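What follows is a short report on a single structure.
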Amino acid sequence: MQLGLIGLGKMGGNMRERIRRAGHTVIGYDRNPEVSDVKSLAELVEKLDAPRHVWVMVPAGTATQTVIDELGDLLEPGDTVIDGGNSRWTDDEKHAAALGIKGIGFVDAGVSGGVWGLQNGYALMVGGDKQHVEPLRPIFEALKPEGPYGYVHAGRVGAGHFSKMVHNGIEYAMMQAYAEGWELLEKVQSVENVREVFRSWQEGTVIRSWLLDLAVNALDEDEHLEKLRGYAEDSGEGRWTVEAAIDNAVPLPAITASLFARFASRQDDSPQMKMIAALRNQFGGHAVEKKD
(Lines give C-alpha, C1' and ligand atoms only; values in the text may rest on other atoms or scores of the structure.)
Protein backbone atom coordinates (compact mmCIF):
# COMPACT_ATOMS: atom_id res chain seq x y z
CA MET A 1 0.00 0.00 0.00
CA GLN A 2 1.10 3.59 -0.63
CA LEU A 3 1.07 6.34 1.99
CA GLY A 4 2.15 9.95 2.01
CA LEU A 5 3.53 11.04 5.37
CA ILE A 6 4.00 14.70 6.27
CA GLY A 7 6.22 15.45 9.26
CA LEU A 8 9.29 13.28 9.85
CA GLY A 9 10.27 14.33 13.36
CA LYS A 10 10.71 12.15 16.44
CA MET A 11 7.57 10.11 15.79
CA GLY A 12 6.93 10.65 12.08
CA GLY A 13 10.39 9.51 11.04
CA ASN A 14 10.10 6.30 13.05
CA MET A 15 6.58 5.70 11.77
CA ARG A 16 7.86 5.92 8.19
CA GLU A 17 10.50 3.31 8.96
CA ARG A 18 8.08 0.94 10.73
CA ILE A 19 5.56 1.10 7.86
CA ARG A 20 8.31 0.48 5.32
CA ARG A 21 9.55 -2.53 7.28
CA ALA A 22 6.04 -3.98 6.90
CA GLY A 23 6.43 -3.83 3.12
CA HIS A 24 4.47 -0.68 2.30
CA THR A 25 5.59 2.32 0.25
CA VAL A 26 5.91 5.58 2.18
CA ILE A 27 6.70 8.91 0.55
CA GLY A 28 7.65 11.36 3.27
CA TYR A 29 7.79 15.14 3.28
CA ASP A 30 9.44 17.35 5.86
CA ARG A 31 10.65 20.94 5.85
CA ASN A 32 14.09 19.50 6.64
CA PRO A 33 15.43 18.43 3.21
CA GLU A 34 17.90 16.04 4.83
CA VAL A 35 15.09 13.66 5.86
CA SER A 36 12.48 14.43 3.20
CA ASP A 37 11.80 12.17 0.20
CA VAL A 38 10.31 15.01 -1.87
CA LYS A 39 10.77 18.75 -2.10
CA SER A 40 7.16 19.86 -1.62
CA LEU A 41 3.64 18.77 -0.75
CA ALA A 42 2.74 19.10 -4.39
CA GLU A 43 5.47 16.65 -5.37
CA LEU A 44 4.33 14.24 -2.65
CA VAL A 45 0.76 14.27 -3.98
CA GLU A 46 2.01 13.88 -7.56
CA LYS A 47 3.97 10.73 -6.69
CA LEU A 48 1.01 8.97 -5.05
CA ASP A 49 -1.45 6.85 -7.02
CA ALA A 50 -5.14 7.59 -6.63
CA PRO A 51 -6.96 7.12 -4.35
CA ARG A 52 -4.30 8.82 -2.24
CA HIS A 53 -3.88 8.48 1.52
CA VAL A 54 -1.87 11.24 3.21
CA TRP A 55 -0.97 11.13 6.91
CA VAL A 56 -0.26 14.46 8.62
CA MET A 57 2.14 14.21 11.58
CA VAL A 58 2.91 17.82 12.50
CA PRO A 59 2.29 19.90 15.66
CA ALA A 60 -1.35 20.57 16.52
CA GLY A 61 -2.91 23.93 15.80
CA THR A 62 -1.65 26.32 13.14
CA ALA A 63 0.84 23.89 11.59
CA THR A 64 -1.79 21.18 11.13
CA GLN A 65 -4.36 23.66 9.84
CA THR A 66 -1.91 25.04 7.27
CA VAL A 67 -1.01 21.58 5.94
CA ILE A 68 -4.62 20.39 5.75
CA ASP A 69 -5.65 23.58 3.94
CA GLU A 70 -2.91 23.04 1.37
CA LEU A 71 -3.81 19.37 0.94
CA GLY A 72 -7.41 20.39 0.38
CA ASP A 73 -6.25 22.27 -2.72
CA LEU A 74 -3.92 19.52 -3.95
CA LEU A 75 -5.91 16.32 -3.41
CA GLU A 76 -8.86 15.00 -5.41
CA PRO A 77 -12.25 13.47 -4.60
CA GLY A 78 -11.77 9.96 -3.22
CA ASP A 79 -8.49 10.78 -1.46
CA THR A 80 -8.17 10.69 2.34
CA VAL A 81 -6.30 12.81 4.90
CA ILE A 82 -5.29 11.29 8.24
CA ASP A 83 -4.37 13.63 11.10
CA GLY A 84 -2.11 11.72 13.47
CA GLY A 85 -0.95 14.68 15.56
CA ASN A 86 -2.30 15.70 18.95
CA SER A 87 -5.07 17.87 17.52
CA ARG A 88 -8.09 18.89 19.56
CA TRP A 89 -11.07 16.73 18.67
CA THR A 90 -13.23 19.77 17.88
CA ASP A 91 -10.80 20.70 15.09
CA ASP A 92 -11.37 17.27 13.53
CA GLU A 93 -15.01 18.05 12.90
CA LYS A 94 -14.07 21.29 11.12
CA HIS A 95 -11.41 19.57 9.01
CA ALA A 96 -13.76 16.73 8.04
CA ALA A 97 -16.45 19.20 6.98
CA ALA A 98 -14.09 21.38 4.94
CA LEU A 99 -12.50 18.42 3.14
CA GLY A 100 -15.84 16.65 2.74
CA ILE A 101 -17.15 19.49 0.60
CA LYS A 102 -14.36 18.63 -1.85
CA GLY A 103 -15.04 14.90 -1.69
CA ILE A 104 -11.92 14.21 0.39
CA GLY A 105 -12.20 11.85 3.35
CA PHE A 106 -10.83 12.62 6.80
CA VAL A 107 -9.66 10.31 9.60
CA ASP A 108 -8.29 11.36 12.99
CA ALA A 109 -5.76 9.07 14.65
CA GLY A 110 -4.59 9.39 18.22
CA VAL A 111 -1.09 7.90 18.31
CA SER A 112 0.75 6.78 21.43
CA GLY A 113 4.21 5.28 21.54
CA GLY A 114 6.60 8.20 21.59
CA VAL A 115 10.23 7.58 20.72
CA TRP A 116 9.79 3.85 21.48
CA GLY A 117 7.21 3.25 18.75
CA LEU A 118 9.62 2.00 16.10
CA GLN A 119 10.67 -0.83 18.38
CA ASN A 120 7.44 -1.53 20.29
CA GLY A 121 4.72 -0.33 17.93
CA TYR A 122 2.16 2.44 18.32
CA ALA A 123 -1.21 2.34 20.05
CA LEU A 124 -3.76 3.78 17.63
CA MET A 125 -7.17 5.27 18.44
CA VAL A 126 -8.97 6.14 15.21
CA GLY A 127 -12.06 8.18 14.43
CA GLY A 128 -13.93 8.55 11.15
CA ASP A 129 -16.44 6.98 8.79
CA LYS A 130 -15.92 3.28 8.14
CA GLN A 131 -15.56 3.89 4.39
CA HIS A 132 -12.49 6.03 5.08
CA VAL A 133 -11.03 3.98 7.95
CA GLU A 134 -11.16 0.45 6.54
CA PRO A 135 -8.91 1.04 3.49
CA LEU A 136 -6.22 2.23 5.92
CA ARG A 137 -6.23 -0.95 8.02
CA PRO A 138 -2.99 -2.30 6.45
CA ILE A 139 -1.19 0.87 7.63
CA PHE A 140 -2.73 0.63 11.11
CA GLU A 141 -1.71 -3.04 11.30
CA ALA A 142 1.85 -2.12 10.34
CA LEU A 143 2.07 0.55 13.03
CA LYS A 144 0.37 -1.21 15.95
CA PRO A 145 2.21 -3.56 18.34
CA GLU A 146 2.23 -7.27 17.55
CA GLY A 147 -0.72 -9.18 18.94
CA PRO A 148 -4.46 -8.54 19.16
CA TYR A 149 -4.37 -5.15 20.86
CA GLY A 150 -3.18 -1.66 20.09
CA TYR A 151 -5.69 -0.52 17.46
CA VAL A 152 -9.30 0.59 17.81
CA HIS A 153 -11.79 2.30 15.54
CA ALA A 154 -13.15 4.36 18.41
CA GLY A 155 -16.07 5.96 16.59
CA ARG A 156 -17.00 8.89 14.42
CA VAL A 157 -14.74 11.79 13.44
CA GLY A 158 -13.08 13.23 16.56
CA ALA A 159 -13.31 9.99 18.56
CA GLY A 160 -9.67 9.09 17.95
CA HIS A 161 -8.26 12.35 19.25
CA PHE A 162 -10.77 12.50 22.10
CA SER A 163 -9.68 9.01 23.20
CA LYS A 164 -6.02 9.98 22.97
CA MET A 165 -6.74 13.12 25.00
CA VAL A 166 -8.29 11.03 27.80
CA HIS A 167 -5.32 8.63 27.55
CA ASN A 168 -2.96 11.54 28.12
CA GLY A 169 -5.05 12.79 31.05
CA ILE A 170 -4.73 9.38 32.70
CA GLU A 171 -1.01 9.47 31.95
CA TYR A 172 -0.75 12.79 33.80
CA ALA A 173 -2.32 11.28 36.93
CA MET A 174 -0.20 8.11 36.82
CA MET A 175 3.04 10.05 36.48
CA GLN A 176 2.01 12.33 39.32
CA ALA A 177 1.41 9.33 41.61
CA TYR A 178 4.85 7.88 40.86
CA ALA A 179 6.43 11.30 41.37
CA GLU A 180 4.76 11.85 44.74
CA GLY A 181 5.77 8.40 45.95
CA TRP A 182 9.34 8.93 44.78
CA GLU A 183 9.63 12.27 46.60
CA LEU A 184 8.30 10.77 49.84
CA LEU A 185 10.73 7.86 49.66
CA GLU A 186 13.61 10.27 49.02
CA LYS A 187 12.56 12.42 51.99
CA VAL A 188 12.74 9.84 54.77
CA GLN A 189 16.05 8.73 56.26
CA SER A 190 15.09 5.09 56.76
CA VAL A 191 14.88 4.31 53.03
CA GLU A 192 18.45 4.27 51.78
CA ASN A 193 18.01 2.96 48.23
CA VAL A 194 14.99 4.54 46.57
CA ARG A 195 16.01 3.50 43.08
CA GLU A 196 16.07 -0.17 44.05
CA VAL A 197 12.69 0.17 45.76
CA PHE A 198 11.29 1.38 42.44
CA ARG A 199 13.06 -1.46 40.67
CA SER A 200 11.58 -4.01 43.09
CA TRP A 201 8.09 -2.86 42.08
CA GLN A 202 8.64 -3.86 38.45
CA GLU A 203 7.57 -7.46 39.09
CA GLY A 204 4.75 -8.90 41.16
CA THR A 205 3.08 -5.65 42.24
CA VAL A 206 -0.21 -4.07 41.19
CA ILE A 207 1.52 -0.79 40.29
CA ARG A 208 3.95 -2.26 37.76
CA SER A 209 3.72 -0.56 34.37
CA TRP A 210 5.77 0.71 31.46
CA LEU A 211 5.88 4.13 33.15
CA LEU A 212 7.43 2.48 36.20
CA ASP A 213 10.03 0.85 33.94
CA LEU A 214 10.83 4.25 32.46
CA ALA A 215 11.12 5.74 35.94
CA VAL A 216 13.74 3.12 36.76
CA ASN A 217 15.54 3.95 33.50
CA ALA A 218 15.62 7.62 34.51
CA LEU A 219 16.93 6.79 37.98
CA ASP A 220 19.62 4.58 36.47
CA GLU A 221 20.80 7.58 34.46
CA ASP A 222 20.60 10.03 37.38
CA GLU A 223 19.90 8.25 40.69
CA HIS A 224 18.51 11.24 42.58
CA LEU A 225 17.53 13.31 39.51
CA GLU A 226 19.99 15.92 40.69
CA LYS A 227 20.77 17.07 37.15
CA LEU A 228 17.18 18.10 36.43
CA ARG A 229 15.26 21.20 37.34
CA GLY A 230 11.83 20.51 38.87
CA TYR A 231 9.89 21.95 35.96
CA ALA A 232 7.44 20.13 33.68
CA GLU A 233 5.54 21.43 30.68
CA ASP A 234 2.03 20.29 29.78
CA SER A 235 1.18 19.36 26.19
CA GLY A 236 -2.25 20.96 26.28
CA GLU A 237 -4.15 17.68 26.27
CA GLY A 238 -4.35 17.64 30.06
CA ARG A 239 -6.09 21.02 29.92
CA TRP A 240 -8.47 19.80 27.20
CA THR A 241 -9.31 16.73 29.30
CA VAL A 242 -10.24 18.87 32.28
CA GLU A 243 -12.26 21.21 30.07
CA ALA A 244 -14.15 18.26 28.56
CA ALA A 245 -14.84 16.96 32.07
CA ILE A 246 -16.35 20.32 33.02
CA ASP A 247 -18.46 20.40 29.84
CA ASN A 248 -19.80 16.91 30.58
CA ALA A 249 -20.05 17.24 34.39
CA VAL A 250 -17.65 14.34 34.96
CA PRO A 251 -15.49 14.59 38.11
CA LEU A 252 -11.76 14.13 37.41
CA PRO A 253 -10.06 15.01 40.71
CA ALA A 254 -6.83 13.06 40.14
CA ILE A 255 -6.24 14.26 36.58
CA THR A 256 -7.12 17.85 37.47
CA ALA A 257 -4.77 17.84 40.46
CA SER A 258 -1.94 16.44 38.35
CA LEU A 259 -2.39 19.25 35.83
CA PHE A 260 -2.34 21.89 38.56
CA ALA A 261 0.79 20.29 40.02
CA ARG A 262 2.57 21.02 36.74
CA PHE A 263 1.50 24.64 36.97
CA ALA A 264 2.97 24.75 40.49
CA SER A 265 6.28 23.45 39.14
CA ARG A 266 6.75 26.72 37.30
CA GLN A 267 6.85 28.62 40.57
CA ASP A 268 9.58 26.70 42.36
CA ASP A 269 12.00 23.80 41.96
CA SER A 270 9.64 20.90 42.66
CA PRO A 271 11.22 17.49 43.46
CA GLN A 272 8.11 15.74 42.10
CA MET A 273 8.41 17.58 38.81
CA LYS A 274 11.94 16.24 38.38
CA MET A 275 10.38 12.78 38.10
CA ILE A 276 7.61 14.04 35.80
CA ALA A 277 10.21 15.74 33.57
CA ALA A 278 12.35 12.59 33.57
CA LEU A 279 9.37 10.40 32.60
CA ARG A 280 8.29 12.75 29.78
CA ASN A 281 11.84 12.65 28.46
CA GLN A 282 11.96 8.85 28.69
CA PHE A 283 8.77 8.06 26.79
CA GLY A 284 8.48 10.99 24.43
CA GLY A 285 11.90 12.54 24.14
CA HIS A 286 10.49 15.79 25.52
CA ALA A 287 13.06 18.39 26.47
CA VAL A 288 14.06 18.78 30.10
CA GLU A 289 15.53 21.74 31.89
CA LYS A 290 18.94 21.02 33.35
CA LYS A 291 20.26 22.66 36.47
CA ASP A 292 22.97 25.25 35.98
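Source: prediction; values computed, not measured. Residue numbers start at 1 and run along the sequence shown.
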Quiz item: Does D37 come within less than 4.0 Å of R16, counting only side-chain N to carboxylate O?
Solution: yes

Quiz prompt | Check: M1 main-chain N/O paired with H24 side-chain donor or acceptor under 3.5 Å | solution = yes

Quiz item: Should L279 and L184 be regarded as members of a common hydrophobic cluster, given that ILVMFWY residues are connected when their side-chain heavy atoms come within less than 4.5 Å of each other, either directly or indirectly?
Solution: no

Practice problem: Could you walk me through whether E243 and R239 pass salt bridge (Lys or Arg N to Asp or Glu O under 4.0 Å), step by step? | Solution: CA-CA 6 Å; E243 290 172 6; R239 301 185 190 208; over 6 Å; no

Self-check item: Sidechain N-carboxylate O distance under 4.0 Å for E43, K39
Solution: no

Quiz item: Is the count of non-hydrogen atoms from other residues, nucleotides or ligands lying under 6.0 Å from R20 atom CZ greater than 12?
Solution: yes

Self-check item: Flag, side chain of T241 to backbone of E237, donor-acceptor distance under 3.5 Å
Solution: yes

Quiz item: Which heavy atom of M273 sits nearest a heavy atom of Y231, and at what distance?
Solution: CB-N, 3.8 Å

Quiz item: Checking R262 against Y172: charged group under 6.0 Å from the ring centre and within 45 degrees of the axis?
Solution: yes

Quiz item: Okay, side chain of D108, backbone of G158: is any donor-acceptor separation there less than 3.5 Å?
Solution: yes

Quiz item: Among the clusters formed by ILVMFWY side chains lying less than 4.5 Å apart, do V54 and V107 turn up in the same one?
Solution: no

Quiz item: Is there a side-chain contact between L219 and L225, using heavy atoms and a 4.5 Å cut-off?
Solution: yes

Self-check item: Hydrophobic cluster membership, I104 vs L41, 4.5 Å side-chain cutoff
Solution: yes

Self-check item: Donor-acceptor contact present, side-chain N193 to main-chain E196, <3.5 Å
Solution: yes

Exercise. Might you point out which heavy atoms bring Y122 and P145 nearest each other, and give the distance in Å?
Key: O-CD, 3.2 Å

Exercise. Using the ring-ring contact (aromatic ring centres under 6.0 Å, His included) rule, collect all pairs that involve residues 66-101, keeping only residues at least two apart or in two chains.
Key: W89-F162, H95-F106

Self-check item: Connected via hydrophobic side-chain network under 4.5 Å: L143 and L8
Solution: yes

Quiz item: Do E186 and E183 come within less than 4.5 Å of each other through their side chains, counting heavy atoms only?
Solution: no

Practice problem: Using side chain to side chain donor-acceptor pair (under 3.5 Å) as the criterion, point out the one residue from D91, T90, D83 that pairs with S87. | Solution: D83

Quiz item: Cluster question for you: counting only ILVMFWY and a side-chain heavy-atom cut-off of under 4.5 Å, with indirect links fine, are M275 and F283 together?
Solution: yes

Quiz item: Do you know the tightest heavy-atom contact between P77 and K102?
Solution: CG-O, 3.5 Å

Quiz item: Do other residues, nucleotides or ligands put more than 12 heavy atoms under 6.0 Å from R156 CZ?
Solution: no

